[in-house]
Each structure stands twice: as structure tokens, then as C-alpha cells.
Amino acid sequence: MADVMTLMEVGGPVAATVGGAAYLRARHPAAYWSTVGMPISTARLLGSYGSVMDACGLTVPPSRLRAWAVQAFTHREVRPVPPRRGLIRPTSTGLRVRLRLAPGQEPADVAASAERLRHAWGVHGAYVEEIKPGVVELRLIGFDVLRKVRMPRKSGGGFLKVPVALREDATPFVRDYRAIPHQLTLGATLSGKSMFLRHLIAGLARQPVALVGIDCKRGVELAPFAPRLSALATDPVQAAELLPVLVGLMEDRYDLIKVRQGIAPSTPDEEITSDIWGLPEDERPVPVVLVVDEVAELFLVATRKDEERRDEMVTQLIRLAQLGRAAGIYLEVCGQRFGAELGKGATMLRAQLTGRVCHRVNDEASAKMALGDIAPEAVGAACAIAPERPGLAVAGDTSGGWSRIRPPHLSLADAAAVCRDHAYLVPDLPALEPFRPDVPAVPVSTPVSPCSSRFRPPSNPPV
């Protein structure tokens with residue numbers, strides 16, 4: 001009887017501890033990782049580093065001097081040598097450790113074994129990044145950081161750099177317009193594409209740039225950001241009037257570059273290799289970011305007259321995509337599908353959009369439209385996005401690299417409030433003034449008292 005009581009006394013705290021750890025792991029994975037997961041994974045890494053590297057084929061035969069020293073002084077068996085390991089640095093989301101590769105190894109060898117390293121050390125993910133020749137950083141992620149996204153404090157923002165989402169390796173996904181001037185974002189209805197766009201516009205609204213929108217859904221997506229927009233077109237007719245103005249603005253900026261650098265006026269724009277960033281700051285025109293929502297609406301036609309207008313708009317978009325970067329004009333094109341079936345010029349325009357972000361799509365063909373020509377292996381990852389995880393997307397570029405990303409939650413009201421608070425940053429561009437959207441007055445919300453008409457009891461209450 002005494003033994004049973006002793007077991008109950010000991011088992012109670014143990015069960016409470018196990019239950020508490022299970023609760024933390026399910027509800028608060030970050031807290032679980034900091035208290036339980038990190039010590040366990042660190043112990044596994046330290047205790048099995050050599051054997052795991054050997055099992056993954058990441059060891060090499062030792063040098064002759066080392067083999068002789070081992071045999072002469074320790075009389076032990078000479079074993080293969082793993083990459084030299086640096087200090088283990090814990091983070092709020094995982095562990096980081098630098099590895100000095102052995103002679104004959106390359107970063108691709110470690111990256112190919114990332115999945116096996118993940119299982120061996122009991123972490124959620126393992127990622128490899130090259131630091132310098134011969135040195136890589138192994139980033140171990142302790143839990144699914146995309147389930148409840150929290151952006152890191154240091155997100156790497158700056159001028160024309162917007163931290164939009166979080167990558168699956170716990171690093172921020174930064175939309176850098178200087179590095180990737182144009183981007184295509186695809187996603188089906190309710191895939192989270194609008195959330196991505198909110199973060200992008202809210203981040204740009206805080207910077208001295210001109211925001212121009214084309215939203216052929218009567219402006220339902222971009223109209224809440226009207227206080228910060230320099231121009232807004234809400235149907236194809238308005239878009240057909242706005243795009244030539246942007247092309248004219250681009251040509252004026254090329255003329256400015258020619259005058260400043262002494263280039264002959266007859267030189268074609270295609271042969272000018274410089275850009276506005278070479279101009280003095282007091283002469284440099286403000287950058288322009290053109291956001292096109294539901295780009296397919298610009299391609300759809302019903303009559304021959306609409307077809308002519310469509311061809312003109314597509315030609316102007318292609319010109320902006322080809323020549324706009326040097327003039328400081330950048331494109332952000334969004335839609336559900338964007339393939340050759342839309343019409344003439346669709347494939348050519350898509351080829352000019354360097355960055356690609358693909359949310360959940362309805363078929364594999366749509367994923368191939370976004371990622372098939374730059375990262376074919378990412379198509380399967382895009383098709384595997386579950387409907388219950390809105391906002392999850394696959395981001396890639398023409399370098400062939402890709403990763404899963406997800407933006408944190410940002411309500412439409414909060415994004416619109418950011419645009420209202422930074423409306424004073426709207427630059428003075430006379431050419432775009434006719435397209436400036438009307439900003440409605442913000443309604444003043446009055447608190448509802450218990451005596452208001454909504455809560456007033458009926459004059460003749462039932463008996």
C-alpha cells in the first residue's frame with residue numbers, strides 16, 4: 001500500500017509535467033521550444049554529430065598526419081572526419097551552427113542531407129546557407145514558424161524594401177524593388193493574395209514613393225488605400241487612359257537622364273544603360289510602383305473595339321516592364337491565372353516579371369504559369385498548399401531558388417489607417433493628378449449607449 005502511495009505521489013508531478021509540455025507544444029510552440037525542445041535538440045546534436053555526419057555521407061578520410069597521430073598516441077581506429085563544427089547559437093526559433101567543410105565537399109552536399117539531419121536531431125526543418133567559400137551555416141528550425149507568423153525584430157527593411165512575409169526558415173521575405181523590379185503574384189480566391197498585397201502597400205505607404213493602382217474590380221481591393229494613391233483606375237477604360245500617361249512619364253525620365261549624362265537625344269531608350277539612381281538627389285524623380293490587381297480583366301474583350309484597346313494596354317504594360325526599371329517605375333501584377341490563353345502579349349509580359357509568388361491555385365497549370373519557367377521543382381510545393389492555411393505561398397525568382405512564405409495577419413482597416421496616416425507623402429506628379437482618387441471623409445464613430453434606438457425597449461412591451 002505504501003508503494004502504491006509512493007508511485008502516486010511521484011507519478012502526479014510527472015504526469016503534470018508531461019501534460020504541460022504537450023500543451024505548450026500544441027498551443028505555444030515557441031514557448032515549448034525555448035523550455036523543452038531546445039535543450040533536447042542541442043543534446044542530440046552534441047551527442048550524435050559525428051555518427052550522423054558519417055551516416056549522411058558528409059565525412060572524409062583524415063589526412064595522413066592526423067591518421068598517424070591517432071594511431072601513435074591513442075591506438076584507436078582511424079575514423080572519417082566530419083565537417084568542423086562551430087559554436088551552437090540558440091535563437092527564438094531554432095539553432096544555428098556554422099560548419100567548415102572538409103576538402104572536397106561543397107554546400108550542395110550538406111543541403112542534400114538536410115532532410116536526414118532534420119529527422120536525426122528532431123527539429124522541424126533544416127536549411128543550409130553559404131557564408132563564404134568553405135563555410136556554411138546550418139539553420140535548424142524547432143517548430144512550424146508559418147503556423148502563427150511573427151515577424152522578427154530585424155526584418156531588413158529600407159527604401160524600396162518591404163518585409164512582407166516570413167520564410168519557412170524563420171528569415172523575413174523582403175520585397176526589394178531595386179533587386180527585383182517587377183513581380184507576378186498569383187492565387188485563387190481566398191488564397192491570401194489580398195493579405196500579401198496589404199502588407200506590400202502598407203510598407204510602401206510609409207516611404208517617399210508614388211503608388212499607382214489599377215483595380216478592374218471597381219476598386220474594391222485598392223479603394224481603401226485611396227488616401228495614399230497618386231492614381232487609381234477602376235475599370236479597363238480608365239486603365240487605358242492611365243497607362244499612356246505612365247509611359248509618357250517614363251519617357252520624360254529617360255530624357256532627363258540623357259540631358260544629365262550628355263547622351264544624344266536620338267539615342268534609343270533601349271540603349272541607355274544608366275538609371276535615375278545615378279542622378280543627383282535633388283534632381284532624382286520619385287519612384288513609382290504600379291499595382292495591377294486582377295490583370296486578367298485587362299485582357300478580356302467582348303468586341304473588336306475592346307480588342308484594340310486591350311492590345312494597346314498590353315503593349316504599354318510590356319514597355320513599362322522592359323524599360324521602367326531604369327526610370328524608377330516598378331510593376332506589381334496580381335491575378336488568379338496568367339497564361340497564354342489570356343491573349344496576345346500575356347506570355348511576353350510574364351517573362352518580364354522577375355519575381356514570382358504563387359499562393360494556393362485551383363490547378364497545376366496555374367502553378368506552372370507562375371513557377372514552371374523559373375523553378376520547376378517548386379510547382380509541386382505550390383500545388384500542395386492546403387485551403388485551411390490562407391496566405392501560405394511559394395516565392396521564387398529567376399535565380400532558381402524558392403521558399404515557402406506566409407505574411408502575418410493584417411486587417412484591411414489597419415492597412416487603410418496606415419495609408420491615411422501617411423497621405424502627406426503623396427508626391428506631386430502633375431501628370432497623374434487627373435487620376436487621383438477621391439478620398440471619402442472618414443466617418444466618426446459614436447459610442448452606442450444603452451438608451452439608443454438600437455437597444456431601446458418597445459413602447460408597448462408584451463404582457
Side-chain angles (χ1 to χ4, degrees), residues 160 177-178 181-183 204 207-216 219 222 226 228-293 295 297-299 305-333 344-346 348-349 352-353 425-438:
L160 288 178
Y177 286 92
R178 296 287 300 275
H182 312 305
Q183 179 171 280
L204 290 172
Q207 303 184 18
V209 301
L211 295 177
V212 178
I214 296 179
D215 182 7
C216 292
L222 300 182
R228 186 57 182 84
L229 297 181
S230 297
L232 176 62
T234 58
D235 57 53
V237 176
Q238 296 179 3
E241 299 174 354
L242 174 60
L243 287 174
V245 175
L246 291 175
V247 172
L249 184 66
M250 178 186 68
E251 294 174 347
D252 293 341
R253 295 185 175 191
Y254 270 108
D255 293 338
L256 178 63
I257 296 173
K258 291 178 183 179
V259 171
R260 181 66 185 181
Q261 299 185 354
I263 301 175
S266 60
T267 304
D269 294 342
E270 293 82 355
E271 298 181 8
I272 300 178
T273 59
S274 186
D275 51 36
I276 63 171
W277 306 110
L279 300 176
E281 187 174 354
D282 56 344
E283 298 182 12
R284 185 184 306 153
V286 64
V288 178
V289 179
L290 172 60
V291 180
V292 182
D293 191 64
V295 66
E297 290 293 326
L298 296 179
F299 285 82
K305 183 178 180 181
D306 293 340
E307 186 175 352
E308 295 176 357
R309 184 182 61 200
R310 188 272 310 273
D311 293 342
E312 293 178 1
M313 288 191 297
V314 173
T315 301
Q316 291 155 356
L317 278 175
I318 293 175
R319 290 198 64 194
L320 290 173
Q322 290 180 338
L323 308 175
R325 182 206 61 81
I329 299 178
Y330 308 101
L331 300 185
E332 197 73 32
V333 180
K344 182 176 62 176
M348 186 175 181
L349 175 60
Q352 302 294 330
L353 306 177
L425 291 177
V426 176
D428 183 18
L429 294 175
L432 298 179
E433 192 63 30
F435 303 94
R436 183 79 183 273
D438 296 330

Measure across [X] and [Y] and return the closest heavy-atom pair with its distance rounded to 0.1 Å.
X      : Y      : answer
Cys216 : Glu297 : CB-CB, 3.5 Å
Tyr330 : Pro181 : CB-O, 3.2 Å
Val295 : Phe299 : O-CD1, 3.4 Å
Pro430 : Pro434 : O-CD, 3.7 Å
Leu222 : Asp215 : N-OD2, 3.1 Å
Ala210 : Val286 : N-CG2, 4.0 Å

With Met250, the side chain to side chain contact (heavy atoms under 4.5 Å, CB included) member among Arg319, Gln316, Arg325: Arg319
By ring-ring contact (aromatic ring centres under 6.0 Å, His included) - contacts of Phe435 (at least two apart): none
If the condition is side chain to side chain donor-acceptor pair (under 3.5 Å), which residues does [X] pass it with, not counting sequence neighbours?
X      : answer
Arg309 : Asp306
Gln207 : none
Ser230 : none

Distance from [X] atom [atom1] to [Y] atom [atom2], nearest 0.5 Å?
X      : Y      : atom1 : atom2 : result
Leu246 : Leu432 : CG    : CG    : 6.0 Å
Asp311 : Thr315 : CG    : OG1   : 6.5 Å
Leu232 : Gln238 : CG    : CD    : 7.5 Å
Arg253 : Leu279 : CZ    : CG    : 10.0 Å
Ile214 : Leu243 : CD1   : CG    : 4.0 Å

Heavy-atom side-chain contact between [X] and [Y] under 4.5 Å:
X      : Y      : result
Leu256 : Ile276 : no
Leu331 : Val292 : no
Val237 : Glu241 : yes
Leu298 : Leu317 : yes
Val426 : Arg228 : yes

Please check: side-chain N/O of Tyr177 versus main-chain N/O of Pro287, any donor-acceptor pairing under 3.5 Å? no
Show every salt bridge (charged side-chain N to carboxylate O under 4.0 Å, His left out) that has at least one partner inside residues 278-289, sequence neighbours left out. Arg260-Glu283
Sorted by chain and number, sequence neighbours left out, side chain to side chain contact (heavy atoms under 4.5 Å, CB included) with Asp252 holds for Asp255
